[in-house]
Colleague: 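Got a structure for you, written out below as structure tokens; questions coming shortly.
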Amino acid sequence: MPLTLASLVQHPALKLVVRAGAERLDTPVRWAHVSELADPVPYMEGGELLLTTAMTLDATDAEAMRRYVRRLAGAGVVGVGFAVGVNHDEIPQALLDAAHDEDLPLLEVPRRTPFLAIVKAVSAALAADQYRAVTAGFEVQRELTRAALAEGPGAVVARLAAHVDGWAALYDASGAVLAAAPDWAARRAARLTPDVERLRERTAPASAVVGGTEDRVELQSLGTGRRVRGALAVGTGAPLGTAERYAVHSAVALLTLTTERSRSLQAAEQRLGAAVLRMMLAGQPDHARTVAGDLYGGLLDAPFRLLIAESAGDGDPAGEPPLAVLADVLEAAAAHAGEAVLTVPEGDDRLVVLAEDGGAVVAACAAYAAQEADEAGALVGLSAPAGPIAAGTAYKQAEQALSVARRRGRALVEHEELATGSLLPLLADDAVRAFADGLLRALYEHDATGRGDLVASVRAWLSRHGQWDAAAADLGVHRHTLRYRMRRVEEILGRSLDDPDVRMELWLALKTTGDQPPQPPN
């Protein structure tokens with residue numbers, strides 16, 4: 001229990017008597033301070049019991065006492081201890097009236113009670129309260145440690161929520177709720193995901209206080225390095241006390257240990273994953289399964305997707321590397337869905353991932369790419385679904401998709417986009433556009449003089465596979481007019497339309513530029 005004015009009044013050795021503010025004796029006392037200044041407020045922090053003999057005060061002046069008491073109350077002073085029998089035989093009426101008006105507790109201190117005794121009593125009580133809080137904190141730490149060892153992070157969250165008389169929630173690196181207690185807190189915790197995401201953008205360790213009409217919530221980052229590996233939320237109706245804060249700090253330490261793998265273990269897993277991947281790409285799925293054991297579950301037996309990601313640039317020097325963020329997102333999605341995922345970094349700017357086809361990891365990758373499309377921090381190529389024997393083919397497909405993503409500046413390209421549908425979207429890059437503009441520029445310039453419509457004539461003739469009558473009908477001209485125009489095309493281009501390569505190049509150039517004439521050179 002914190003020290004209060006009531007505790008001091010009940011102290012048998014102090015003999016304090018309440019003269020005003022009896023309704024506010026339950027106010028906690030942070031310290032006892034002696035001051036004879038007419039204005040001690042500049043030297044106060046709030047929460048003090050002020051002790052005075054009124055040596056320099058005009059304690060009989062009603063207006064002066066009103067100003068004095070009003071200043072003390074405004075500064076957060078919790079009460080005044082007035083020594084009688086020193087400068088005044090009793091508390092002056094002006095001071096009594098002012099204390100009553102401000103509802104500020106006023107305690108009469110008898111002459112035989114030195115101020116030092118009150119200061120010592122306050123100090124001893126505060127020390128005892130601190131000792132109780134530390135002792136309680138150690139006990140909670142032991143309880144949380146037992147829960148972490150026996151039952152895992154969820155039990156730590158549940159014990160912490162009970163101890164702070166509120167609720168608690170654990171988040172992964174992506175901001176998804178992994179555990180919450182009591183059960184009703186899961187929905188409340190989910191609404192704080194944007195706050196957790198903002199916390200993740202800061203360098204660990206980081207903390208924040210958020211709140212509204214419901215409660216006061218403290219967010220604490222989890223992780224031993226600069227990168228945030230998760231977060232802990234603690235919601236209470238009031239600010240945390242000393243014992244509760246010890247409990248939160250203990251929970252943060254334990255949850256960090258359970259969520260942050262050691263660097264040596266992480267490096268070992270990555271080396272094992274790289275070896276498994278090499279065996280898969282070499283066409284040795286049976287050897288890969290033997291080496292992987294149970295680490296990747298049934299991932300190597302079921303249809304999977306292989307994705308290759310690379311950094312699109314230098315990224316934000318002050319932020320996390322894009323591939324590190326992507327790896328965290330994919331691993332968090334796998335953990336949340338209970339899926340296996342194989343993640344292998346290739347240097348600092350490339351990442352290879354093997355994930356279940358149609359699973360949460362692939363969906364998380366697509367969502368990440370959609371979210372980061374404008375920033376293009378990472379580019380991703382995604383293979384078609386494949387089995388263990390076809391891992392090498394899947395790798396080539398992902399490489400091809402990544403190459404297209406690189407040329408087109410897209411965050412994600414799937415191999416199915418290359419294997420099905422029109423060929424034309426693959427040609428939409430600057431090099432193809434430049435070729436098309438160069439091939440058709442002379443024809444567009446001719447048409448701009450009003451001496452014919454050569455571009456439209458070429459398009460109609462090619463679309464009708466060289467059939468003169470059908471193409472002329474489409475254009476609304478005589479077939480001899482069309483023949484004349486096509487001879488002019490050959491003269492301008494210096495190439496024969498009897499050459500199938502010329503016809504193919506013209507058709508692709510027309511499809512690439514659409515109806516837009518080439519832009520004039522700078």
Colleague: Rounded to the nearest 0.5 Å, how far does CG of Leu382 lie from NE2 of His415?
Modeller: 10.5 Å
Colleague: If the test is side chain to side chain contact (heavy atoms under 4.5 Å, CB included), which one of Leu178, Leu232, Leu192 qualifies with Tyr171?
Modeller: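 The option that passes is Leu192.
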Colleague: Measuring from Ser250:OG to Arg142:CZ, what's the distance to the nearest 0.5 Å?
Modeller: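 The OG atom of Ser250 sits 10.5 Å away from the CZ atom of Arg142.
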Colleague: Between the side chain of Glu218 and the main-chain N/O of Gly235, is any donor-acceptor distance below 3.5 Å?
Modeller: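 Between the backbone of Gly235 and the side chain of Glu218 there is no qualifying donor-acceptor contact (under 3.5 Å).
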Colleague: Between Asp349 (side chain) and Ser311 (backbone), is there a donor-acceptor pair under 3.5 Å?
Modeller: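 Pair absent, no side-chain N/O of Asp349 close to backbone of Ser311.
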Colleague: With no hydrogens and no angle check, is any side-chain donor or acceptor of Ser463 less than 3.5 Å from a backbone partner on Arg459?
Modeller: yes
Colleague: Say you draw a straight line from OG1 of Thr193 to CG of Leu199; how long is it, rounded to the nearest 0.5 Å?
Modeller: 12.0 Å
Colleague: Checking Asp357 now: which residues fulfil salt bridge (charged side-chain N to carboxylate O under 4.0 Å, His left out) with it, not counting sequence neighbours?
Modeller: Arg305
Colleague: Taking all atoms of both residues into account, what is the closest heavy-atom pair of Pro285 and Pro388, and its distance?
Modeller: CB-CB, 3.7 Å
Colleague: Evaluate Arg278 against Gln284 for side-chain contact (heavy atoms from CB on, under 4.5 Å), listing each step before the verdict.
Modeller: CA-CA 9 Å; Arg278 284 195 298 269; Gln284 299 175 338; over 6 Å; no
Colleague: Do you know the tightest heavy-atom contact between Arg464 and Ala470?
Modeller: CD-CB, 3.7 Å
Colleague: Show your reasoning for whether side-chain contact (heavy atoms from CB on, under 4.5 Å) applies to Leu354 and Leu300.
Modeller: CA-CA 9 Å; Leu354 212 65; Leu300 305 187; 4.0 Å; yes
Colleague: Kindly indicate whether the side chain of Glu346, heavy atoms from C-beta on, has any atom under 4.5 Å from the side chain of Glu310.
Modeller: no
Colleague: Of the non-hydrogen atoms in Asp498 and Arg503, which two are nearest, and what is the gap between them?
Modeller: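 What the structure gives for the nearest pair is O-NH1, 3.1 Å.
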Colleague: So, applying side chain to side chain contact (heavy atoms under 4.5 Å, CB included) with Glu331, which one of Val353, Val361, Thr343 is it?
Modeller: Thr343
Colleague: I'd like to know whether Arg488 forms a salt bridge (Lys or Arg N to Asp or Glu O under 4.0 Å) with Glu491, so could you lay out the CA-CA distance, the side-chain angles of the two residues, the decisive distance to 0.1 Å, and finally the verdict.
Modeller: CA-CA 5 Å; Arg488 286 291 296 142; Glu491 292 172 0; 2.7 Å; yes
Colleague: For a quick test of reading the model, state the closest non-hydrogen atom pair linking Pro239 to Arg216 and the distance between them.
Modeller: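 What the structure gives for the nearest pair is CA-NH1, 3.8 Å.
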Colleague: Do Glu414 side-chain atoms and Ala384 backbone N/O form a donor-acceptor pair below 3.5 Å?
Modeller: no
Colleague: Check the pair Val177 / Leu170 against side-chain contact (heavy atoms from CB on, under 4.5 Å), numbers first and verdict last.
Modeller: CA-CA 6 Å; Val177 179; Leu170 174 64; over 6 Å; no
Colleague: How close do Ala231 and Val196 get, counting heavy atoms only, and between which atoms?
Modeller: CB-CG1, 3.9 Å
Colleague: I want to check something: taking the side chain as every heavy atom from C-beta on, are Val489 and Leu443 in contact at a cut-off of under 4.5 Å?
Modeller: yes
Colleague: Determine whether a donor-acceptor pair (N or O, by modelled atom type, separation under 3.5 Å) exists between the side chain of Arg410 and the backbone of Leu412.
Modeller: yes
Colleague: Quick one: which residue pairs count as a side chain to side chain donor-acceptor pair (under 3.5 Å) with a foot in residues 149-165, not counting sequence neighbours?
Modeller: Glu151-Arg159
Colleague: How about Trp461 and Arg485: do any of their side-chain heavy atoms sit closer than 4.5 Å?
Modeller: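 Answer no - side chains too far apart.
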Colleague: May I ask you to test the Ile308-Tyr395 pair for a side-chain heavy-atom distance under 4.5 Å?
Modeller: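 They are in side-chain contact.
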Colleague: With a 4.5 Å limit on heavy-atom distance, are the side chains of Leu219 and Ser207 in contact?
Modeller: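 A side-chain contact is absent here, since even the closest heavy-atom pair is not under 4.5 Å.
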Colleague: Just verifying a value: how many Å separate Arg350 CZ and Leu379 CG, rounded to the nearest 0.5 Å?
Modeller: 11.0 Å
Colleague: Looking at Ser403 and Glu399, would you say the former's side chain and the latter's main chain have a donor-acceptor pair under 3.5 Å?
Modeller: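 No; judged by distance alone, with no hydrogens or angles, the pair does not exist.
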Colleague: If you define the side chain from C-beta out and look only at heavy atoms, does anything of Cys365 sit under 4.5 Å from Leu330?
Modeller: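 With C-beta onward as the side chain, the pair touches.
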Colleague: Between Leu281 and Ala391, what is the shortest heavy-atom contact and its length?
Modeller: CD2-O, 3.5 Å
Colleague: Could you grab the distance from atom NE2 of His478 to atom CG of Asp469, nearest 0.5 Å is fine?
Modeller: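 His478 atom NE2 to Asp469 atom CG measures 8.5 Å (nearest 0.5 Å).
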Colleague: Are any side-chain N or O atoms of Ser221 and backbone N or O atoms of Ala206, one a donor and one an acceptor, separated by less than 3.5 Å?
Modeller: yes
Colleague: Surrounding NE2 of His287 (heavy atoms of other residues, nucleotides or ligands, distance under 6.0 Å), is the total greater than 12?
Modeller: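 For His287, atom NE2 is not crowded (no more than 12 foreign heavy atoms under 6.0 Å).
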Colleague: Can Trp507 and Val458 be said to form a side-chain contact (heavy atoms from CB on, under 4.5 Å), step by step?
Modeller: CA-CA 9 Å; Trp507 182 247; Val458 170; over 6 Å; no
Colleague: With side chains defined as the heavy atoms from C-beta onward, is the minimum distance between Leu493 and Leu506 less than 4.5 Å?
Modeller: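 Yes, their side chains come closer than 4.5 Å.
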Colleague: So for atom CD1, which belongs to Ile389, do other residues, nucleotides or ligands contribute more than 12 heavy atoms lying within a distance under 6.0 Å?
Modeller: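 At most 12 heavy atoms, drawn from other residues, nucleotides or ligands, come within 6.0 Å of this atom.
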Colleague: Looking at Leu482, is its backbone amide N or carbonyl O close enough to the side chain of Ser457 to form a donor-acceptor pair, meaning the two atoms are under 3.5 Å apart?
Modeller: no
Colleague: Has Glu356 got a side-chain atom pairing as donor or acceptor with Phe304's backbone, closer than 3.5 angstrom?
Modeller: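 Judged by distance alone, no pair lies under 3.5 Å.
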Colleague: CD1 of Ile492 to CG of Leu440: how many Å apart, nearest 0.5 Å?
Modeller: 11.5 Å
Colleague: Just wondering, do Val413 and Leu402 contact through their side chains at under 4.5 Å, heavy atoms?
Modeller: no
